[in-house]
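Data block below; observations after.
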Amino acid sequence: MAELILLALDESSTLALISRAFRAVGYKTAIAHNEAGVMKVMQESHPALVLVESSFHQEKSIGLIEKLLLEYPTLPIAFLATQNSPKLIQEALCAGVSAYLEPPLKTDEIVDAVKSSLKRARRIGDWVRQEVKHTTASLEKRISEMDILLTVGRDVTSNLDLDEVLKSVVSAAVKLTHAEEGSLLLLDEESNELYMRAGHNFEDGFVRSFRLPVTDTLAGQVIEMGEPLVLSKDSLLKIKTAYLVQALIYVPLRFKDRIIGVLGVDNRKHRLPFTDRDVLLISLLADYAAIAIENARLYQVSENERSKFETVLSNMDNALIILDEEERVQLINDVMCTALGIQPKEIYNKRIPEVILQSDFLSLLERKEDQKNQYHEINLDDDRVFNAQYTPIPGVGAAITMQDISYLKELNRLKDDFVHTVSHDLRSPLTAVLGYAELIERVGPINEMQKDFILRIHSSVKDITVLINDLLDLGRIEAGFDSRRETIHLGNILQYTLSNLEESIQKKKQALNLDIESDLPSMHGNPIRIRQLFDNLINNAIKYTPKGMEISIDLHLEGNQVIFKIVDQGAGIPPEDQPHIFEKFYRASNITASDAPSSGLGLAIVKTIVESHNGRIWVESTLGEGSTFFVVFPT
Ligand code: ADP
């Protein structure tokens with residue numbers, strides 16, 4: 001097809017002449033009379049060359065040339081100077097014209113200049129096209145390499161099947177380097193041999209039986225040196241006995257500072273050597289393989305840990321449940337499921353109050369703040385009794401553990417029955433002892449020493465009687481035989497108790513601070529037991545507070561509960577004893593029997609009374625400073 005020459009010349013006789021001359025040698029021509037015309041032809045007809053006359057476009061031809069070359073950098077432009085001006089020529093050359101002509105302008109010279117410009121432009125065009133083709137091909141190759149690497153990378157991070165991942169690494173190595181075979185050899189540290197973990201273009205049997213010593217082998221050399229090995233020689237290379245290759249790459253598989261194996265590709269038939277780029281690609285793939293192997297190892301370690309943890313959980317005797325910070329179930333063992341009669345699947349990730357209805361269990365959660373690590377009894381429908389602890393775990397939530405204490409409860413019940421029977425049976429012989437001791441004086445004269453002994457018998461029998469009465473009381477309240485309830489006024493009972501203890505307080509010269517709220521609401525309760533409760537607590541305060549010190553008693557209403565508080569300046573209770581002082585016969589380690597004769601039953605009775613009135617009791621105490629007992633009754 002004839003090439004188009006755009007003539008940017010002013011209207012003149014030369015224009016027609018030049019146009020005709022071009023057509024005569026086989027070109028087509030187009031004519032533009034202004035800049036807009038030039039641009040229009042450029043866009044619509046893509047001329048092969050533009051001929052610009054210096055006077056064109058009102059002497060702004062250089063500006064037009066610059067504009068054209070900005071938009072079409074490879075466009076050949078021939079410049080016709082209408083006057084002899086070295087400056088103008090220089091400007092045109094600077095703007096980038098490919099040919100220029102000075103007056104006198106001859107048509108055949110113009111045609112020749114255009115022809116040679118076009119020829120050069122064509123050569124440049126061919127070169128550019130070839131370069132583009134070349135670059136495109138190499139870019140396409142890079143993109144396809146990237147694609148393969150990306151796929152392997154994705155496989156490494158998303159696929160947990162190590163066999164598959166390593167197979168894809170080796171296949172990628174073969175594909176990227178256009179090799180004939182590929183293999184991934186791992187080091188068996190025990191035998192100091194390399195075995196094939198994955199292979200490409202090898203028979204399965206060969207892969208399975210492949211073993212290579214580290215010493216005196218090419219792969220072993222890579223393990224020892226930690227550097228890639230690239231070989232292509234005229235003579236055949238021996239990988240192992242009778243296994244010859246023409247060219248090969250081996251790169252080390254490195255994890256941290258350890259070399260765990262070798263990734264390799266080789267050619268057995270073709271002599272074509274591998275390139276540096278091949279080594280780079282294989283090294284990248286070796287990194288992927290090392291990461292995949294390490295990922296698989298870590299996954300296995302965490303799987304083993306998890307399965308160990310699960311075995312421990314399901315084999316432990318204690319019931320366990322782990323909650324997150326919103327009290328949603330995260331983990332539960334079989335013992336807990338059986339105890340609460342639930343299925344793990346039903347409650348996983350659900351909030352406890354939505355899935356567990358057991359009331360004792362729920363009350364443990366309600367009282368978690370003041371029950372940390374303490375005793376909380378859970379009575380199940382099947383008569384089993386568990387002791388539960390709520391333990392907050394920072395950053396996780398909390399753990400609730402429960403132990404079956406049914407057998408301990410049963411033992412306790414047997415012991416209580418026994419104590420109750422024995423106490424009961426002791427009462428009659430004791431009454432006899434007391435009676436006969438009194439009779440001795442009546443039946444004849446006795447000396448002073450005998451009198452003293454009789455007094456001691458009296459006092460001891462009195463102590464035993466108090467103890468027995470305490471035991472029987474406790475048994476009665478615990479057994480629930482003590483259900484008498486009437487309207488009582490705590491303030492009045494407290495005042496009455498205090499009036500009976502006035503003498504003991506005076507004896508020890510102790511100061512008593514009393515603060516009793518005047519119009520406390522009445523409540524339902526057993527007046528005798530409540531008096532016993534006040535009596536025991538105040539008696540303890542007097543007993544354990546040294547002479548001349550202070551005791552403060554406070555009784556007031558707070559919300560819908562009445563709080564009784566007694567503060568003393570006594571010896572205090574060691575922290576390790578505090579959880580136990582409400583148990584029967586328990587005495588704190590800082591008090592010896594001779595300090596204060598006692599049965600160790602007082603607080604056990606107090607606690608049982610408090611609980612039978614739906615109240616709560618606790619102690620706060622600092623050793624050497626004193627103790628405060630709190631009792632809370634619902635109104
Ligand atoms: P006891 O008959 O021994 O007083 P309690 O059951 O009343 O028996 O008290 C149990 C133990 O608690 C006491 O032996 C004593 O160690 C400790 N205790 C009770 N009240 C006080 C107190 N106010 N100050 C110091 N220790 C006390």
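Just so you know, ligand 1 is whichever comes first in the structure, and atom 1 is the first atom listed for that ligand. Reckoned from all heavy atoms, side chains included, excluding hydrogens, waters and symmetry mates. On a predicted model such as this, the values are computed, not experimentally measured, just so you know.
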Determine whether M336 and F386 make a side-chain contact, defined as any pair of heavy atoms from C-beta on separated by less than 4.5 Å. no
Can you say whether the rings of F629 and F582 are parallel (under 30°), tilted (30 to 60°) or perpendicular (over 60°)? perpendicular
Kindly determine whether K415 and N412 satisfy side-chain hydrogen bond (donor to acceptor under 3.5 Å, both in side chains), including the steps that lead there. CA-CA 5 Å; K415 188 201 74 192; N412 208 34; 3.2 Å; yes
Heavy atoms only, cut-off 4.0 Å: how does F582 contact ligand 1, side chain, backbone, both, or neither? neither
For F564 together with F534, are the ring centres under 6.0 Å from each other? yes
Could you walk me through whether L512 and L498 pass the side chain to side chain contact (heavy atoms under 4.5 Å, CB included) test, one step at a time? CA-CA 10 Å; L512 180 68; L498 282 168; 3.9 Å; yes
Atoms of ligand 1 close to L603 [distance to a heavy atom under 4.0 angstrom, numbered from 1]: 5 (P), 6 (O), 7 (O), 9 (O), 10 (C), 12 (O), 19 (C)
Within-shell test, I573 vs ligand 1, heavy atom, strictly < 4.0 Å: yes
If you count the atoms of ligand 1 from 1 in the order shown, which ones are under 4.0 Å from a heavy atom of S627? 24 (N), 25 (C)
Could you list the atoms of ligand 1 found under 4.0 angstrom from a heavy atom of I581? 10 (C), 12 (O)
Backbone, side chain, both or neither: what part of A588 comes under 4.0 angstrom of ligand 1, heavy atoms only? both
Touching ligand 1 at all, A571? Heavy atoms, strictly under 4.0 Å? no
Within ligand 1, which atoms have a heavy atom of K543 less than 4.0 Å away? 1 (P), 2 (O), 4 (O)
Using heavy-atom distances, let me know which of I542, N540, L601 sits nearest atom 19 (C) of ligand 1. N540
Of T401, I352, V335, which is the lone residue that meets side chain to side chain contact (heavy atoms under 4.5 Å, CB included) with I321? I352
Result for side chain to side chain contact (heavy atoms under 4.5 Å, CB included) between T497 and one of N492, I530, D535 points to D535
Of all residues at least two apart in sequence or in a different chain, which pass the salt bridge (charged side-chain N to carboxylate O under 4.0 Å, His left out) check with D334? none
Using a 3.5 Å cut-off on N or O atoms only, is F629 in polar contact with ligand 1? no
Under 3.5 Å between some N or O of ligand 1 and some N or O of A604? no
Going by the 4.0 angstrom heavy-atom rule, the piece of D577 near ligand 1 is neither
Does G570 have a heavy atom less than 4.0 Å from any atom of ligand 1? no
In terms of atom number and element, which parts of ligand 1 are under 4.0 angstrom from non-hydrogen atoms of G572? 25 (C)
Note, D161 side chain near V165 side chain (heavy atom, < 4.5 Å): no
Can you list the ligand 1 atoms lying under 4.0 Å from a non-hydrogen atom of D568? 22 (C), 23 (N), 24 (N)
Check this for me, if you would: do K167 and D163 make a salt bridge, where the nitrogen-to-carboxylate-oxygen distance has to be below 4.0 angstrom? no
